[in-house]
Amino acid sequence: MAALNLSYCSCVGSSRLTSSRDLFNPIRLSTHTKITLKFSYTEVFSLRSQAFISLRRPRSGTISAAMATGSVKEVLPPALDSTSEPPPLFDGTTRLYISYTCPYAQRVWITRNSAKQVLTFMKHFMGEQGLQEKIKLVPIDLQNRPAWYKEKVYPANKVPSLEHGNEVKGESLELIKYIDSNFEGPSLLPDDPAKREFAEELLTYTDSFSKAVMTLLKGDGVDEAGAAFDYIETALSKFEDGPFFLGQFSLVDIAYAPFIERYVPFLREVRKYDAMAGRPKLAAWFEEMCKIEGFQQTRRSSLKPEKLASGRHYDLQN
């Protein structure tokens with residue numbers, strides 16, 4: 001159970017609210033009262049109070065798949081190339097530099113989209129849209145990247161990178177943790193010590209997983225790739241309180257999703273290897289991931305298997 005600290009105004013001249021859908025009915029507002037409402041993030045609940053004006057969320061608690069979905073569709077900016085002018089750097093704006101095709105950058109992009117979407121059911125009152133309003137997306141064309149990106153933003157010249165607090169940070173796994181820890185919203189890691197320990201184990205394994213699967217992508221290593229997918233299947237069986245790695249949606253799911261969404265179709269279409277066959281937990285996990293709005297918004301229909309075959313790995317950078 002998680003507590004949400006709510007401030008609300010009672011309504012004058014309207015019926016009492018009996019469901020979250022009623023929040024969007026026209027109302028008039030008057031007296032201001034503060035309450036604390038406790039409920040499980042995974043439950044559908046009825047709101048017996050009146051209309052909400054403000055809501056402050058504690059860092060404790062985790063986000064379920066349902067809460068991580070939203071309905072705000074972001075208009076994506078065009079990628080900046082060698083002919084593009086730089087944004088006004090270090091002006092207090094937080095910027096996430098990505099490539100639309102890089103799975104490492106996609107990790108951080110998903111985190112940015114999902115971090116506050118527990119509140120999307122309140123967006124008509126609160127205007128919540130994940131962290132889109134707080135972290136500006138700056139896509140980079142990696143095939144024709146601007147010189148100023150290396151010279152003025154990130155000397156490593158890779159994506160993703162995050163401009164925040166007058167400094168720039170990199171490395172995707174570090175950045176998803178950084179966003180989770182430094183921006184408001186319920187944490188994308190659970191409080192349970194056992195789950196947090198397992199989360200670190202799984203995050204550490206991401207590189208080993210990719211290396212094992214890449215051997216099969218290049219034509220060899222069926223046994224190595226099979227063992228890697230078996231590891232994932234076993235990991236998804238550890239907790240029974242949800243379909244995700246830690247039961248509920250977390251940074252671990254975000255870390256793996258961009259890679260698995262690329263590996264599985266390529267292996268099936270080109271190597272004739274079905275990674276989902278005999279792995280029902282993996283199949284169910286990906287089905288649930290595809291329902292999450294923060295993930296959906298980052299998926300690119302233009303990804304082509306031949307890039308994996310050539311070893312370019314969809315612009316793998318960081």
OG of S114 to CG of L188, rounded to nearest 0.5 Å, is 6.5 Å
Tell me every residue that passes side chain to side chain donor-acceptor pair (under 3.5 Å) with D230, counting only those two or more places apart in sequence or in another chain.
R279
Identified side chain to side chain donor-acceptor pair (under 3.5 Å) partner of N113 from the options Q297, E293, Q296
Q297
Is V153 close to W148 at the side-chain level, that is, under 4.5 Å between some pair of heavy atoms?
yes
Audit row: F266, L217, side chain to side chain contact (heavy atoms under 4.5 Å, CB included) steps and yes/no:
CA-CA 8 Å; F266 176 83; L217 294 176; 2.9 Å; yes
In Å, rounded to the nearest 0.5 Å, how long is the span from CD1 of I176 to CG of L251?
4.5 Å
Do K195's NZ or CZ and the ring of F239 fall within the cation-pi criteria of under 6.0 Å and 45°?
yes
Going by an N to O cut-off under 4.0 Å, is there a salt bridge joining E174 and K169?
no
Where do Y97 and L80 land on the side chain to side chain contact (heavy atoms under 4.5 Å, CB included) test, with the steps shown first?
CA-CA 10 Å; Y97 297 88; L80 302 183; over 6 Å; no
Exam field: side chain R268 to backbone A275, donor-acceptor pair closer than 3.5 Å
no
Under 3.5 Å, is there a donor-acceptor pair linking the side chains of S208 and Y231?
no
Does a side-chain heavy-atom distance below 4.5 Å link S161 with Y149?
yes
Partner set under side chain to side chain contact (heavy atoms under 4.5 Å, CB included) for K211, not counting sequence neighbours:
none
Less than 4.5 Å apart, any side-chain heavy atom of L131 and any of I179?
yes
I need the minimum non-hydrogen distance between A105 and I98, along with the two atoms involved.
CB-CB, 3.7 Å
Checking R145 side chain against N157 main chain: does a donor-acceptor pair fall under 3.5 Å?
yes
If you define the side chain from C-beta out and look only at heavy atoms, does anything of V159 sit under 4.5 Å from Y154?
no
Would you kindly check if the NZ (Lys) or CZ (Arg) of K238 is within the cone defined by 45 degrees around the ring axis of F198 and under 6.0 Å from the six-membered ring centre?
yes
Which heavy atom of A79 sits nearest a heavy atom of D141, and at what distance?
CB-N, 3.9 Å
Sorted by chain and number, sequence neighbours left out, side chain to side chain contact (heavy atoms under 4.5 Å, CB included) with P78 holds for none
Under the criterion side chain to side chain contact (heavy atoms under 4.5 Å, CB included), I'd like the reasoning laid out for Q106 against E261: C-alpha separation, chi angles, the key distance, then a yes or no.
CA-CA 11 Å; Q106 189 181 358; E261 80 157 329; 2.9 Å; yes
Using side-chain heavy atoms (C-beta onward) and a distance below 4.5 Å, is L267 in contact with D274?
no
Would you check if L96 and V138 make a side-chain contact, meaning some heavy-atom pair closer than 4.5 Å?
no
Once you round to the nearest 0.5 Å, how far does CE of M276 lie from CD of E233?
9.5 Å
With under 30° as parallel and over 60° as perpendicular, where do the rings of Y178 and F183 fit, or are they tilted in between?
perpendicular
Looking at L236 and F244, what are the two nearest heavy atoms and their distance?
CD2-C, 3.9 Å
Does any part of the side chain of P87, heavy atoms only, come nearer than 4.5 Å to the side chain of L89, both counted from C-beta?
yes
List for me each residue that meets ring pair (Phe, Tyr, Trp, His ring centres under 6.0 Å) alongside F90, sequence neighbours excluded, and say none if there are none.
none
A225 meets the side chain to side chain contact (heavy atoms under 4.5 Å, CB included) criterion, sequence neighbours left out, with L216
Could you list the residues that satisfy side chain to side chain donor-acceptor pair (under 3.5 Å) with Y256, not counting sequence neighbours?
none
Taking only residues two or more places apart in sequence, or in another chain, which ones meet E163 in a salt bridge (charged side-chain N to carboxylate O under 4.0 Å, His left out)?
R95
Residue pairs involving residues 146-157 (criterion salt bridge (Lys or Arg N to Asp or Glu O under 4.0 Å); sequence neighbours excluded):
none
Rounded at 0.5 Å granularity, tell me how far CG in L246 sits from CG in D253.
6.5 Å
I'd like to know if the side chain of Q248 and the backbone of D241 have a donor-acceptor N/O pair within less than 3.5 Å.
yes
CD-CE distance between E224 and M214, expressed to the nearest 0.5 angstrom:
13.5 Å
Tell me, do C290 and W285 make a side-chain contact under 4.5 Å, heavy atoms counted?
no
Quiz question: by atom type and distance under 3.5 Å, do the side chains of D207 and S210 form a donor-acceptor pair?
no
Listed by chain and number, what are the salt bridge (charged side-chain N to carboxylate O under 4.0 Å, His left out) partners of E197, not counting sequence neighbours?
none
Tell me the closest heavy-atom pair linking G170 and L175, and the distance in Å.
O-CG, 3.8 Å
For Y273 and G226 the tightest heavy-atom approach is OH-CA, 3.3 Å
Would L137 and W109 satisfy side chain to side chain contact (heavy atoms under 4.5 Å, CB included), going step by step from the backbone distance to the final call?
CA-CA 8 Å; L137 206 64; W109 186 8; 3.6 Å; yes
Is it true that F229 and F209 have ring centroids separated by less than 6.0 Å?
yes
For E200, what residues pass the side chain to side chain contact (heavy atoms under 4.5 Å, CB included) criterion, not counting sequence neighbours?
K177, L203
Looking only at heavy atoms, what is the nearest atom pair of R196 and P190, with distance?
NE-O, 2.6 Å
Just to verify, what does E85 make a side chain to side chain donor-acceptor pair (under 3.5 Å) with, not counting sequence neighbours?
none
Looking only at side chains, do Y104 and S99 share a donor and an acceptor under 3.5 Å apart?
no
Holding to side chain to side chain donor-acceptor pair (under 3.5 Å), I want the full list of residues that pass it with T93, two or more places apart in sequence or in another chain.
D91
Just how far is it from atom CZ of R112 to atom NZ of K134, taken to the nearest 0.5 Å?
13.0 Å
Side chains of D220 and T215: do they bring a donor and an acceptor to under 3.5 Å?
no
Does E269 offer a backbone N or O that forms a donor-acceptor pair with the side chain of K272 under 3.5 Å?
yes
So, R299 side chain and F295 main chain: donor-acceptor pair closer than 3.5 Å or not?
no
State whether E171 and R107 are salt-bridged, where the test is any N-O pair (Lys NZ or Arg NE/NH1/NH2 against Asp/Glu carboxylate O) under 4.0 Å.
no
